[in-house]
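Below is one structure, written out as structure tokens; the observations come after it.
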Amino acid sequence: MSYNLKEWAKRPERFTGGHRLCAGCGASPVMRTLMRALKPEDHAVVSAATSCVEVSSFLYPYTAWEDSFIHSAFENVAATISGAQANYVAKKRKGEDVPNTKFIAVAGDGGTYDIGLQALSGAMERGHDMVYVCYDNGAYMNTGIQRSSSTPQNAATSTTPAGTVIPGKSQPKKDLTLIIMGHNIPYVAQTLPLSNFKDMSEKCEKALYTPGAAFLNILAPCPRGWRYETHRLMEMCKLAVETCVWPMYEIIEGKLTLNYIPKEKLPVEVYLKEQGRFSHMFAKGNEHLIEEYQAQVDKDWQLLQNLNEMK
């Protein structure tokens, strides 16, 4: 699709300023980009699971959302928004005059990879015309930086502290995007905030305007949990892409396309060393932890390259 970023930037803000998200948080540009991808004439119903975004953007009676907003429990945001969408379809079938509406579920990785996975899988399998957006910050950041199944291997969290007994989280990160690919829905994509916002804005609009179920997995770095300086948000994202820790790709009708292949893939240590949650990996005697991480990233990247070549 041809995408005019200048015209896109003129669209009204539908996730406004004044929210309480932290400085340097990746979730804020994700939500702004997502809501700006809506056409101005369309309405949206957004449901957010309990998460950083929910508690920071909707403190009754104040809200950062210009569209209809529903606070769901941690585990059921996909069920909530699929129910709202089913009600909308029923009203249209009865001939009621309802505005053109898009249905969006928003949750962090804790409410997506873990607690909400059952509801998400059900909504995707049923094929509701909705978009599920996971902003992935790699832990339960809102409740104290506990590990989730999205937490990278060897990362230190409050429940997997790096020390003499364990070197952070022992298990590799779950590959949720490919799990959702297995649901055979029309559109699945992985992206993140980068300086020009082109990839993320295009994918948000594709997801919103592809008929049927769509899923977006968007990396959203967290300065508190990752332990980086707040002004380095975009740098964290750039390093995630250039090391292939977080590849950008989309799956349209089951066909995977890599949207970016680094000219020179950087070693993972340039990404890891910028984050305090991985600082223990650089202690003397822990070199094998970096090697393990690199091996996992290489394995995952090779799988995506193989799927990309199968088109």
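The structure places CG of N137 at 6.0 Å from SG of C52, a figure rounded to the nearest 0.5 Å. Rounding to the nearest 0.5 Å places CZ of R11 at 14.5 Å from CZ of R32. Distance CD1/I218 to SG/C134: 8.5 Å, rounded to 0.5 Å. H19 contributes atom NE2, which lies 8.0 Å from atom SG of C25 (distance to the nearest 0.5 angstrom). Here I179 contributes atom CD1 and D175 contributes atom CG; the two are 7.0 Å apart, rounded to the nearest 0.5 Å. Between the CG atom of L34 and the SG atom of C204 there is a distance of 5.0 Å, given to the nearest 0.5 Å.
The closest side-chain heavy-atom distance from I290 to F278 is not below 4.5 Å. In this structure, Y260 and P247 have side chains that are not in contact, with every pair of non-hydrogen atoms separated by 4.5 Å or more. Side-chain contact between L258 and M248 is absent, with no heavy atoms from C-beta onward closer than 4.5 Å. Using a 4.5 Å heavy-atom threshold, the side chains of I252 and T257 count as separate. Side-chain contact between Y293 and V245: present, with at least one pair of heavy atoms (C-beta onward) separated by less than 4.5 Å. Taking the side chain as every heavy atom from C-beta outward, L216 and M200 never approach each other to under 4.5 Å. Using a 4.5 Å cut-off on side-chain heavy atoms (C-beta onward), K174 and S150 make no contact. Counting heavy atoms from C-beta on, the side chains of W301 and K299 never come closer than 4.5 Å.
T16 places a side-chain N or O within 3.5 Å of a backbone atom of A64 that can act as its donor or acceptor partner. In this structure a side-chain-to-backbone donor-acceptor pair under 3.5 Å is present from S158 to I145. Looking only at distances, a side-chain donor or acceptor of Y209 sits under 3.5 Å from a matching main-chain atom of K39. Judged by distance alone, with hydrogens and angles left aside, the side-chain atoms of D129 form a donor-acceptor pair with the main-chain N or O of G212 at under 3.5 Å. Listed for the T177 side chain is no donor-acceptor partner under 3.5 Å among the backbone atoms of Q190. Here the side chain of S82 pairs a donor or acceptor atom with the backbone of A79 at under 3.5 angstrom. Side-chain N or O atoms of E205 include none that pairs as donor or acceptor with a backbone N or O of S201 at under 3.5 Å. In this structure, D114 contributes its side chain and S149 its backbone to a donor-acceptor pair below 3.5 Å. Remark: the backbone N or O of A78 is not paired with any side-chain donor or acceptor of T80 at under 3.5 angstrom.
Between K206 and E202 there is no salt bridge, since none of the side-chain N atoms of the basic residue sits less than 4.0 Å from a carboxylate O of the acidic one. Ionic pairing of E13 and R36 is present here: one or more N-O contacts between side-chain nitrogen and carboxylate oxygen are shorter than 4.0 angstrom. Between D42 and K102 there is no salt bridge, since no side-chain nitrogen of the basic residue lies less than 4.0 Å from a carboxylate oxygen of the acidic one. Between E274 and R227 there is no salt bridge, since no side-chain nitrogen of the basic residue lies less than 4.0 Å from a carboxylate oxygen of the acidic one. A salt bridge is absent between K92 and E96: the closest approach of a Lys/Arg side-chain nitrogen to an acidic carboxylate oxygen does not fall below 4.0 angstrom. Here K10 pairs with E7 in a salt bridge; the nearest charged N to carboxylate O distance falls below 4.0 Å.
Within a 6.0 Å radius of CD in Q118, no more than 12 heavy atoms belonging to other residues, nucleotides or ligands are found. Shown here is R14, whose CZ atom has more than 12 heavy atoms of other residues, nucleotides or ligands within 6.0 Å.
Here the shortest heavy-atom pairing between C237 and L192 reads O-CD1, 3.3 Å. When all heavy atoms of F74 and T50 are compared, the pair lying nearest together is CE2-O, 3.4 Å. Across A155 and H280, no two heavy atoms sit closer than the pair C-CE1, 4.5 Å. Closest heavy-atom contact between T243 and P267: CG2-O, 3.4 Å. Between S195 and M234 the shortest heavy-atom distance is N-SD, 4.1 Å. Across every non-hydrogen atom of S148 and G110, the tightest pair is CB-CA, 4.5 Å.
The side chain to side chain contact (heavy atoms under 4.5 Å, CB included) with P152 is formed by just one residue from the set R147, R277, K169, Q275; it is R277. For the side-chain hydrogen bond (donor to acceptor under 3.5 Å, both in side chains) with K173, the qualifying choice from D136, D300, D109 is D136, the only one to do so.
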Decide yes or no on side-chain hydrogen bond (donor to acceptor under 3.5 Å, both in side chains) for T112 and Y132, but give the supporting numbers first. CA-CA 9 Å; T112 304; Y132 190 107; 2.8 Å; yes
Run Q85 and H128 through side-chain hydrogen bond (donor to acceptor under 3.5 Å, both in side chains) and show every step you take. CA-CA 7 Å; Q85 189 270 338; H128 291 272; 3.0 Å; yes
One pair to check against side-chain hydrogen bond (donor to acceptor under 3.5 Å, both in side chains): Q146 and T157. What are the steps and the verdict? CA-CA 6 Å; Q146 299 90 351; T157 71; over 6 Å; no
May I have the step-by-step check of side-chain hydrogen bond (donor to acceptor under 3.5 Å, both in side chains) for S57 and E54, ending in yes or no? CA-CA 5 Å; S57 68; E54 186 279 317; over 6 Å; no
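If you chain together hydrophobic residues whose side chains sit under 4.5 Å apart, I185 and V106 fall into the same group. Under the 4.5 Å side-chain contact rule for hydrophobic residues, Y62 and M31 do not share a cluster. Clustering ILVMFWY residues whenever any of their side-chain heavy atoms sit less than 4.5 angstrom apart, transitively, puts I70 in the very cluster that holds V98. Linking Ile, Leu, Val, Met, Phe, Trp and Tyr residues whenever their side-chain heavy atoms come within less than 4.5 Å leaves V55 and M141 in two separate clusters. By the rule that hydrophobic residues join a cluster once side-chain heavy atoms approach within less than 4.5 Å of another member, L239 and I261 end up as members of one cluster.
Remark: aromatic rings of W65 and F15 are close, center separation under 6.0 Å. Ring-centre distance between Y88 and F103: below the 6.0 Å cut-off.
Between Y228 and W226, the two ring planes are perpendicular [angle over 60°; tilted spans 30° to 60°].
Residues Y135 and N217 have side chains that never bring a donor and an acceptor to within less than 3.5 angstrom of each other. No donor-acceptor contact under 3.5 angstrom links the side chains of S51 and N142, judged on distance only. For the residue pair Q294/D298, the side-chain donor-acceptor check at 3.5 Å is satisfied.
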